[in-house]
Trainee: 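For reference, the structure I am asking about is given below.
So that the names make sense, note that chain A is the first sequence line, chain B the second, and so on, each numbered from 1.
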2 protein chains.
Amino acid sequence: MTDTAPQRRARARTKRPPTILDVAAHAGVSRGTVSRVLQGGHNVSPGAREAVDAAIRKLGYVVNRAARSLVTQRAGSVAFLLSETQDRFFSDPNFTTLLRACTTALADHDLPLILITAGTEAERRRITPYLSAHHVDGVLLFSSHRGNPMIGHLRQAGLPFVCCGKPLGQRGTLSYVAADDREGAKNMVRHLLESGRERIATIAGPQDTPGGLERLHGYRELLTEHGIAHDERLVAVGDYSRASGEACMRELLGRVPDLDAVFVASDLMADGALAAIQRAGRRVPDDIAVGGFDDSPVAAAAHPPLTTIRQPWDRISAMMVRQLLAQIDGEGPATVILPTELVVRESA
Amino acid sequence: MTDTAPQRRARARTKRPPTILDVAAHAGVSRGTVSRVLQGGHNVSPGAREAVDAAIRKLGYVVNRAARSLVTQRAGSVAFLLSETQDRFFSDPNFTTLLRACTTALADHDLPLILITAGTEAERRRITPYLSAHHVDGVLLFSSHRGNPMIGHLRQAGLPFVCCGKPLGQRGTLSYVAADDREGAKNMVRHLLESGRERIATIAGPQDTPGGLERLHGYRELLTEHGIAHDERLVAVGDYSRASGEACMRELLGRVPDLDAVFVASDLMADGALAAIQRAGRRVPDDIAVGGFDDSPVAAAAHPPLTTIRQPWDRISAMMVRQLLAQIDGEGPATVILPTELVVRESA
DNA sequence: CTGAAAGCGCTTACAG
DNA sequence: CTGAAAGCGCTTACAG
C-alpha cells in the first residue's frame, strides 16, 4: 500500500521535530556537548562547536522548552499581570503602549509574555495557584489601587515581581518603576505660570492611586513655591475617565468662572475637559490653557492638540523587565524613578 | 550553626513544591493513580479518589506543566498573534476589547494566552521557529492585510490557527471567524435611508482589508437595491485612523456640499468625521447624519454619541477559541460568520 | 574539552 | 481498579 502525496506530506508534518540526540548524531558528538553549545558554548572546542551549529541549522533544531524547564526549574516565561478592574485599565490608552513595550523588551530576552488579568477576587483566586506553582518566573504587575491583595499573594509565593508605579498601602520594600509624577506636575504648572496664567485650576486623578496623589501634590507644591495661596475651589478630582474630566471641568467653570488655565492629571480627562470648555463657549488656549499628562495617543489627536507631560513608557517597560530579570537572578528589590518631559503643543 | 529566622524563611520559600509522588505517599496510592485522578478520575475507585483529592488539598499540590508538556507533547498554551503593523493595531480601540475577551475565553479552558507581535519581517523571522517548534498548541491570528506571509508559515508548521476576519489573498480553506460586515453595512445604510436621508456618502476602510472591502460592498448593494444610482464622488477611502476620517470627510464635503448623511466604516474614523463636520459649521445629526461601525468605546464617548453597528467581539473571541480548540483536537477548518447589531444613539 | 549517566515530574500503555 | 516501569527531551555534575 503506497502512500499518496498528501498522506506523505501529512506524516512529514506531524513527524516529531529533531531532538538534541539527532543533532548529536549529525555532529558526531555527545548529547552533553550539544547542550553545552546551546548554553553558550563554554568548554567546547571550536571544531565541535561548528559541527553542532551546522547540524542545528541543517536539521532546523529548536530546543524543547518543556524539557528544559523541567530540569532547570524555570518556566522560561514572564507574566504581564493586570490586577485592575478590567474596564478601567483596558480603556486606558496607556495600557496598549505599556503592553507593546513590555512584549518587545521581553522578546529581546527570548521570554514569552503571558497576559493574565486578575481584576476581581474570583480571578485572583483562580490565578494564585498558577503563580504559586511558579508557572512563570516573574511578574510585571500593573495595578494602581491602594492595598492590592495580589501583592500579598506574590510575596507569599516567593515569586519575583516588579510593580508599575508606586504601590500604595504596602509595607516593606517592593520593586517598582515609576515616572516622576510630582516633578512632572510641577513642570506643567510652572509652564502655565510662565506663560502668564494666573488662576490655575487642576483636575486630579483618583486619590487612591499614586498618580492621582502625586500630581496633585506637585500642583500644590509649585504654587506654594511661587507664593500663591491655596484655593480649594480650584481643585476637582476625577477618575481618569474622559467623562469625569468633562464633569470636573464643568464643575470648575461653575465655581470659578474666571480661571484661565487647568492642569489635568491625564490626557483622557483633559480631552473631556476640552469638550466642556468648548461647550461653555470658551476657547483653548486663548481663554483657558489646558495641560494634560501622559502624552498618550489622545493627546496628539485632541482639538487642539494637548500640551502634556510625557511618561517614558518605553523606558519604564524596559526598566521593569531589567529589574525583574535581575530579581529572578537573585538580586534584591529596587526603586527606579524616571524623569518626564514637557511636550508643548497648542493647548497651553 | 543554627539558622536565623530569615534564613529559615528563605529556605522554606525556595523549597521544592510537592510532586505527584508526595501526593501518592500521602494518599497511600501509586503515582499512576494520582495521575489518573488528575486526568479526570476515570478508572479510579471512589475511595482512592477521595484520598488523592484530600492529599492534593492538604499539600497544595499543583501540577508541573513542564513535566506534563514533555510527555503529552502539548504546550498547554495558545498564542494571540498580532501580525499587523504595531501602531495600527495597538491604537485600534477594538484591539483591547478582543484581547480581553480572548484572555477570558482561554482562561476558562485553563490555557494561558501568550501575546506575540509580528508586525515586521524581522519579527516574523524571529517568531517562526518558536511557532514551528510547537511552543504553543495553536494560534489566534489577528491580521487584516492581504497576503500576510504569517499564514504560510503557520500552515507549513502544521500549527492549528484561526483568523479573526476573513484572510484576503489566501488560497485553500482556512478557519476564520468574522462579523457579517456586508449585512452590517447594509443595515446602517438602510437606517439612514429610512430616516429620510437622500444623499448618503461613505468613508470606507482600506481596500486591502476585508472590512474595508465588504462594508463598501454593502453600502453599494443597499443603494442599488433601492434604485439609487452610484455616485463615486460620494465615496472616500480612509485607513481606519481618526485623522483619515477627518481628512476624508473634508474631502467629501468639498466635493458634495449637499450630502446629508455619511456611513463611516469605523467609529474611530467616524469620530474624525464628526470633527470635520463641526469644523465646517454643520450640525450632527440635523444637517448631516453620521453612522459608524464597531461600537467601540469611542462611539459612546463621541459628541454626539455615535449611531453604529456593533461587532460582537465577545462572541467572535469565544468562537475563535472554540474553533481553535476543536482544531487542536483534530477537527478540520470552519468559517463562522456572526451577525451584527444596529445601535442607535444620537448621531443618526 | 568530552562522554556517560542520573534525574527533572509527569503520563500511559501494560500486566495483573 | 491498580501498580511498576518506560519514556518524554533536556541539563549538569562527575570522571576522565
Trainee: Would you name the heavy atoms of A:V136 and A:L131 that are closest together and state the gap between them?
Mentor: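 Reported closest heavy-atom pair: CG2-CD2, 3.8 Å.
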Trainee: Go nucleotide by nucleotide along DNA chain D from the 5' end; which of B:P46 and B:V71 gets its closest nucleotide reached first?
Mentor: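 Mapping each residue to its closest nucleotide by heavy atoms, the 5'-most match is B:P46.
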Trainee: Just how far, in rounded Å, is C1' of D:dG7 from CG of A:L70?
Mentor: 12 Å
Trainee: Among D:dG9, D:dG3, C:dT12, find the nucleotide with the atom closest to the side chain of A:A67.
Mentor: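 That would be D:dG9.
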Trainee: Between D:dG9, D:dT12, C:dT11, which nucleotide gets closest to the side-chain atoms of B:I20?
Mentor: C:dT11
Trainee: Identify all side-chain donor-acceptor contacts of residues 27-47 of chain B below 3.5 Å with residues at least two apart in sequence or on another chain.
Mentor:
unit_1, atom_1, unit_2, atom_2, d
B:S30, OG, B:G32, N, 3.3
B:S30, OG, B:T33, N, 3.4
B:S45, OG, B:A48, N, 3.3

Trainee: Looking at the side chain of A:S45, which of C:dG9, D:dT11, C:dC1 is the nearest nucleotide?
Mentor: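 Nucleotide nearest to A:S45's side chain: C:dC1.
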Trainee: Using heavy-atom distances to pick each residue's nearest nucleotide on DNA chain D, tell me which of B:S30 and A:P18 is more 5'.
Mentor: B:S30
Trainee: What would the secondary structure line of DNA chain D be in dot-bracket form, counting Watson-Crick and G-U wobble pairs under 3.5 Å, with [ ] for pairs that cross earlier ones and | for pairs with another strand?
Mentor: |||.||||||||.|||
Trainee: Can you tell me if A:T117 uses its side chain to pair, donor with acceptor, with the backbone of A:L82 under 3.5 Å?
Mentor: no
Trainee: I need the CZ-C1' distance between A:R68 and C:dG7, as an integer number of Å.
Mentor: 17 Å
Trainee: What is the distance from CD of A:Q39 to P of D:dA13, rounded to the nearest Å?
Mentor: 11 Å
Trainee: Suppose we screen for ring pair (Phe, Tyr, Trp, His ring centres under 6.0 Å). Which residues come up paired with A:Y130, at least two apart in sequence or across chains?
Mentor: A:H135
Trainee: How is A:N43 classified with respect to the nucleic acid when contacts are heavy atoms under 4.0 Å: base, sugar-phosphate, or nothing?
Mentor: base
Trainee: Counting heavy atoms from C-beta on, name the nucleotide in D:dG9, C:dT2, D:dT11 closest to the side chain of A:T72.
Mentor: D:dT11
Trainee: Could you tell me which residues satisfy side-chain contact (heavy atoms from CB on, under 4.5 Å) with B:P129, sequence neighbours excluded, listed by chain and number?
Mentor: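 Expected list: A:V62.
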Trainee: Collect all protein-nucleotide pairs involving nucleotides 14-16 of chain C in which both atoms are nitrogen or oxygen and the distance is under 3.5 Å.
Mentor:
none

Trainee: Just to verify, what does A:A75 make a side-chain contact (heavy atoms from CB on, under 4.5 Å) with, not counting sequence neighbours?
Mentor: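 For A:A75 the side-chain contact (heavy atoms from CB on, under 4.5 Å) partners, ignoring immediate neighbours, are A:S77, A:D137.
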Trainee: Using a 4.0 Å cut-off on heavy atoms, which residues in residues 53-61 of chain A reach DNA chain C? List them by number, or say none.
Mentor: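 Listed by number, there are none.
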Trainee: Not counting sequence neighbours, which residues clear side-chain contact (heavy atoms from CB on, under 4.5 Å) with B:P160? List them please.
Mentor: B:L324, B:Q327, B:I328
Trainee: Considering only C:dG3, D:dC10, C:dT2, which nucleotide approaches the side chain of A:V44 most closely?
Mentor: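 The nucleotide sitting nearest to the side chain is C:dT2.
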Trainee: So, does A:T19 get its side chain near the phosphate of D:dG9, meaning an N or O under 4.0 Å from OP1 or OP2?
Mentor: no
Trainee: Only counting residues at least two apart or in another chain, list the ones meeting side-chain hydrogen bond (donor to acceptor under 3.5 Å, both in side chains) with B:R124.
Mentor: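 Listed in chain order: B:E121.
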Trainee: Could you pull out all residues at least two apart from A:V336 that satisfy side-chain contact (heavy atoms from CB on, under 4.5 Å)?
Mentor: A:V177, A:M319, A:Q323, A:L338
Trainee: For B:Q73 and D:dG9, is the shortest distance between a side-chain N/O and OP1 or OP2 below 4.0 Å?
Mentor: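 The answer is yes; a side-chain N or O of B:Q73 sits under 4.0 Å from OP1 or OP2.
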Trainee: To the nearest angstrom, how far is B:L21 atom CG from D:dA5 atom C1'?
Mentor: 13 Å
Trainee: Would you mind checking if A:R126 and B:D108 are paired as a salt bridge, meaning a charged N to carboxylate O distance below 4.0 Å?
Mentor: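 Looking at B:D108 and A:R126, the cut-off is met.
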Trainee: Atom CG of B:L38 to atom P of C:dG9: distance rounded to whole Å?
Mentor: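 Whole-Å distance recorded here is 15 Å.
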Trainee: Rounded to whole Å, how long is the line connecting atom NE2 of A:H42 with atom P of C:dT2?
Mentor: 15 Å
Trainee: Nearest-Å distance, CD (B:E50) to P (D:dC1)?
Mentor: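 Between P of D:dC1 and CD of B:E50: 14 Å.
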Trainee: Filter on salt bridge (charged side-chain N to carboxylate O under 4.0 Å, His left out), then keep only pairs touching residues 52-79 of chain B, sequence neighbours left out; what's left?
Mentor: B:R65-B:D110, B:R74-B:D329
Trainee: Just the rounded figure in Å: distance from C1' of D:dC8 to CZ of A:R65.
Mentor: 18 Å
Trainee: Looking at every strand, decide which applies to A:T33 at a 4.0 Å heavy-atom threshold: base, sugar-phosphate, or nothing.
Mentor: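 Sugar-phosphate only.
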Trainee: State which residues pass salt bridge (charged side-chain N to carboxylate O under 4.0 Å, His left out) with A:R315; sequence neighbours excluded, sorted by chain then number.
Mentor: none
Trainee: Need one value for A:A48: base, sugar-phosphate or nothing, where a base atom within 4.0 Å counts as base even if backbone is also close, heavy atoms only.
Mentor: sugar-phosphate
Trainee: For A:R31, answer base if it contacts any base atom (sugar-phosphate contacts may also be present), sugar-phosphate if it contacts only those atoms, and nothing otherwise; contact means non-hydrogen atoms under 4.0 Å.
Mentor: base
Trainee: Check for a donor-acceptor pair, side chain of A:S83 on one end and backbone N or O of A:A118 on the other, with a separation under 3.5 Å.
Mentor: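 Yes.
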